[in-house]
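Written below as structure tokens is the structure these notes are about.
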Amino acid sequence: MIPRVYFVGTAGSGKSTLVNSFKGWLENKSYDAITVNLDAGAEFLPYTPDIDIRESVSLESVMQNYNLGPNGAQIVAADLMAQEADRVKELIDSYDSDYVLIDTPGQLELFAFRGPSTHLVSTLGADYSAMLYLFDSVLMKHPDSYISSQFLAMGVVTRFYIPFLGIVSKSDTLEPKEKEKIMKWDRKKGELLSDLREEKATVNVQLSETILESSQSLNILGESVFSSSESEDGLEDIYSFLQKIFYGSDDLEKR
Ligand SMILES: Nc1nc2c(ncn2[C@@H]2O[C@H](COP(=O)(O)OP(=O)(O)O)[C@@H](O)[C@H]2O)c(=O)[nH]1
Ligand SMILES: [Mg+2]
């Protein structure tokens with residue numbers, strides 16, 4: 001089975017752009033990757049998907065057929081998308097490729113928190129899947145928004161039992177000092193709590209401390225990779241993570 005790699009994250013975190021840049025990066029290393037678009041509402045994609053959900057589920061037709069506005073239609077479209085799981089699997093299996101890069105709906109909740117999506121992941125083959133979870137750099141600069149991003153990611157991780165890599169995306173937009181600070185919080189979680197306490201001392205801080213402490217002892221999120229689709233920073237680290245999971249080595253050479 002070809003490894004399935006899901007790109008997940010909040011709207012605008014850079015999923016579609018990373019699918020495109022990572023595919024290009026893999027191809028430069030002589031790996032093949034096919035791309036699957038599961039975002040029925042995508043108006044523009046930076047790549048031409050090999051498999052495109054919009055061919056069977058389009059937001060326009062859902063709006064018309066169900067008499068819905070764009071938000072309601074997005075939800076119905078996400079559920080209809082999951083009903084296509086068997087067909088998508090058949091299509092994927094008709095390719096011979098090293099990786100399948102799967103772009104998910106713009107809005108995180110449409111994919112991450114709806115039952116049909118877990119059905120889709122298991123139909124496509126959960127045992128041969130991994131998730132790249134994009135943390136938008138913009139939301140990582142302050143202790144409180146950093147922590148809410150972490151909580152959101154934990155909610156997603158606990159819904160899918162597949163290997164997970166956190167990615168701080170669009171890292172080229174960070175000042176060196178900002179990057180350093182986020183990296184410090186990522187690597188030494190105790191520093192995050194002390195910076196948070198310095199900013200405020202409220203019940204919320206106590207709550208955050210308790211949740212973070214248990215997540216750290218379980219090491220739910222692990223260490224993140226900083227990536228940029230502009231400079232290609234971090235793409236090799238993403239590749240090494242996937243190689244280790246699926247091929248048991250982080251060897252850069254093609255098998
Ligand atoms: N500077 C910079 N901009 C990025 C990067 N990745 C994505 N973007 C921009 O962020 C916006 C949202 O990206 P997109 O891939 O559509 O996000 P998605 O909603 O998660 O699929 C677009 O304007 C992209 O050009 C990056 O690595 N660096
Ligand atoms: Mg997108």
Side-chain angles (χ1 to χ4, degrees), residues 4-28 33-55 57-60 62 70-71 73-75 77-78 81-82 88 99-114 117 120-121 130-141 145 148-150 152-153 155-157 160 164-179 182-183 186 224-239 241:
R4 284 85 160 103
V5 184
Y6 293 87
F7 291 68
V8 180
T10 49
S13 57
K15 302 179 287 292
S16 302
T17 311
L18 188 59
V19 164
N20 183 47
S21 59
F22 191 54
K23 180 185 159 81
W25 188 92
L26 284 171
E27 283 175 350
N28 276 339
I34 61 162
T35 51
V36 178
N37 169 47
L38 293 182
D39 186 357
E43 283 178 9
F44 162 80
L45 289 175
Y47 58 94
T48 306
D50 297 291
I51 300 168
D52 192 348
I53 200 67
R54 293 174 301 181
E55 283 173 13
V57 183
S58 90
L59 205 59
E60 281 290 303
V62 173
N71 290 338
Q74 291 268 17
I75 295 172
M81 175 238 338
V88 172
Y99 283 106
V100 187
L101 310 181
I102 304 178
D103 195 6
T104 63
Q107 283 82 356
L108 171 77
E109 71 275 21
L110 292 175
F111 183 75
F113 297 128
R114 299 192 66 79
S117 305
L120 178 118
V121 171
M131 181 184 293
L132 303 179
Y133 185 96
L134 280 71
F135 292 102
D136 194 326
S137 281
V138 178
L139 306 176
M140 302 295 271
K141 296 180 186 180
S145 60
S148 22
S149 300
Q150 298 270 301
L152 187 60
V156 176
V157 175
F160 296 91
F164 169 98
L165 176 68
I167 293 174
V168 179
S169 62
K170 305 192 268 188
S171 63
D172 59 283
T173 64
L174 293 169
E175 299 293 332
K177 277 216 147 108
E178 291 173 329
K179 187 172 172 183
I182 297 169
M183 199 170 270
D186 186 74
S224 301
V225 162
F226 286 71
S227 91
S228 162
S229 291
E230 293 269 314
S231 67
E232 298 203 328
D233 267 5
L235 302 195
E236 188 169 326
D237 297 322
I238 297 174
Y239 168 79
F241 165 81

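Remember, it's a predicted structure, so these values are computed and weren't measured experimentally. Atoms within a ligand are numbered from 1 in the order they appear, just like the ligands themselves.
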Note to self: With side-chain hydrogen bond (donor to acceptor under 3.5 Å, both in side chains) as the criterion, how do Asp103 and Ser16 come out once you've worked through the C-alpha distance, each side chain's angles and the decisive distance to 0.1 Å?
What the structure shows: CA-CA 6 Å; Asp103 195 6; Ser16 302; 2.7 Å; yes
Item checked: Within the 4.0 Å heavy-atom sphere of ligand 1, strictly under, residues -> Thr10, Ala11, Gly12, Ser13, Gly14, Lys15, Ser16, Thr17, Lys170, Asp172, Thr173, Ser228, Ser229, Glu230
Margin query: Aromatic contact between Phe160 and Tyr133, with the criterion being ring centroids under 6.0 Å apart: yes or no?
Written below: no
Next item on the list: Would you list the pairs meeting salt bridge (Lys or Arg N to Asp or Glu O under 4.0 Å) in which at least one residue belongs to residues 132-141, sequence neighbours left out?
Entry: Asp136-Lys170, Lys141-Glu178
Notebook entry, point to check: In the shown structure, where waters are left out, how many protein N, O or S atoms lie under 2.8 Å from the Mg ion (ligand 2)?
Noted result: 1
Note to self: Can you list everything that forms a side chain to side chain contact (heavy atoms under 4.5 Å, CB included) with Leu165? Sequence neighbours excluded, please.
What the structure shows: Leu132, Ile167, Val225, Ile238, Phe241
Notebook entry, point to check: Is any NZ, NE, NH1 or NH2 atom of the basic residue among Lys179 and Glu175 found under 4.0 Å from an Asp or Glu carboxylate oxygen of the other?
Noted result: no
Note to self: Assess the residue pair Thr17 and Ser229 against the criterion (side-chain hydrogen bond (donor to acceptor under 3.5 Å, both in side chains)); give the C-alpha distance rounded to whole Å, side-chain angles, the decisive distance to 0.1 Å, and a yes or no.
What the structure shows: CA-CA 7 Å; Thr17 311; Ser229 291; 5.6 Å; no
Note to self: Donor-acceptor check, side chain of Asp186 to backbone of Ser224, threshold 3.5 angstrom: yes or no?
What the structure shows: yes
Margin query: Is it the case that the side chain of Ser137 and the backbone of Ser169 share a donor-acceptor pair, with hydrogens and angles ignored and the cut-off at 3.5 Å?
Written below: yes
Checklist line | Val100 vs Val5 side-chain heavy atoms within contact, under 4.5 Å | finding: no
